[in-house]
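The structure appears below as structure tokens.
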Amino acid sequence: MHLAYPAVLAALLFCVGLYGVLARRNAILVLMSVELMLNAVNLNLVAFDVWLRDALHAGQALTLFTIAIAAAEIGIGLAIVLMVYRNRGTSDVDRLRDTAEPPESGATPESTDEKAEAAA
């Protein structure tokens with residue numbers, strides 16, 4: 001098999017994942033797009049390992065590490081998204097940009113800065 005077939009497929013998968021990361025608003029779909037990008041990298045690692053006929057199979061071993069890291073990443077990421085959804089009621093990425101606590105009622109950002117300087 002030629003190296004071009006899996007390389008083109010991996011490039012297409014990576015482009016679809018990149019589009020998903022840049023265009024999607026839902027945090028879960030963004031995580032799925034990151035997984036697509038990682039799978040494209042895994043496909044390239046295995047394809048080049050087979051193409052180079054590596055005796056140690058370093059590409060396949062690195063792919064196993066990447067899969068383990070991706071599983072941990074999706075577990076932690078999904079837990080964070082679910083907790084944010086419970087607290088805020090949405091998983092829209094644009095609405096989650098301000099993750100800081102809301103300021104005290106009647107307090108402006110300038111007055112909280114002045115209080116912090118006075119306390120120091």
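This chain uses plain numbering: 1 for the first residue, then up along the sequence.
Members clustered with M32: I28, L29, L31, I74, L78, V81, L82, by chain and number, using a 4.5 Å side-chain heavy-atom cutoff among hydrophobic residues. Cluster partners of L56: none. The rule joins Ile, Leu, Val, Met, Phe, Trp and Tyr whenever side-chain heavy atoms lie under 4.5 Å apart, and it links nothing here. Connectivity analysis of hydrophobic side chains (ILVMFWY, heavy atoms under 4.5 Å, direct or indirect) links V8 to L12. Applying the 4.5 Å side-chain rule to ILVMFWY residues, one finds that M83 remains a lone member of its cluster.
Residues forming a side-chain hydrogen bond (donor to acceptor under 3.5 Å, both in side chains) with Q60 (at least two apart in sequence, or on another chain): D49. Applying the side-chain contact (heavy atoms from CB on, under 4.5 Å) rule to L9 yields the partners L43; only residues at least two apart in sequence or on another chain are considered. A search for side-chain contact (heavy atoms from CB on, under 4.5 Å) contacts involving N42 returns N39, L45, T63, T66, I67, not counting sequence neighbours. By the side-chain contact (heavy atoms from CB on, under 4.5 Å) test, F65 pairs with no residue at all, sequence neighbours left out. Qualifying side-chain contact (heavy atoms from CB on, under 4.5 Å) partners for Y85, counting only residues two or more places apart in sequence or in other chains: S91.
Put simply, V41 and V46 are part of two different groups of oily side chains (I, L, V, M, F, W, Y) that touch within less than 4.5 Å, one to the next. Criterion: ILVMFWY side-chain heavy atoms under 4.5 Å apart, direct or through other members. Under it, L52 and L3 are part of a common hydrophobic cluster. At a threshold of 4.5 Å between side-chain heavy atoms, the hydrophobic network of Ile, Leu, Val, Met, Phe, Trp and Tyr places L38 and F14 in one connected group.
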Inset, instruction - Test L18 against M37 for side chain to side chain contact (heavy atoms under 4.5 Å, CB included), laying out the working first. - result: CA-CA 7 Å; L18 186 63; M37 293 168 63; 4.3 Å; yes
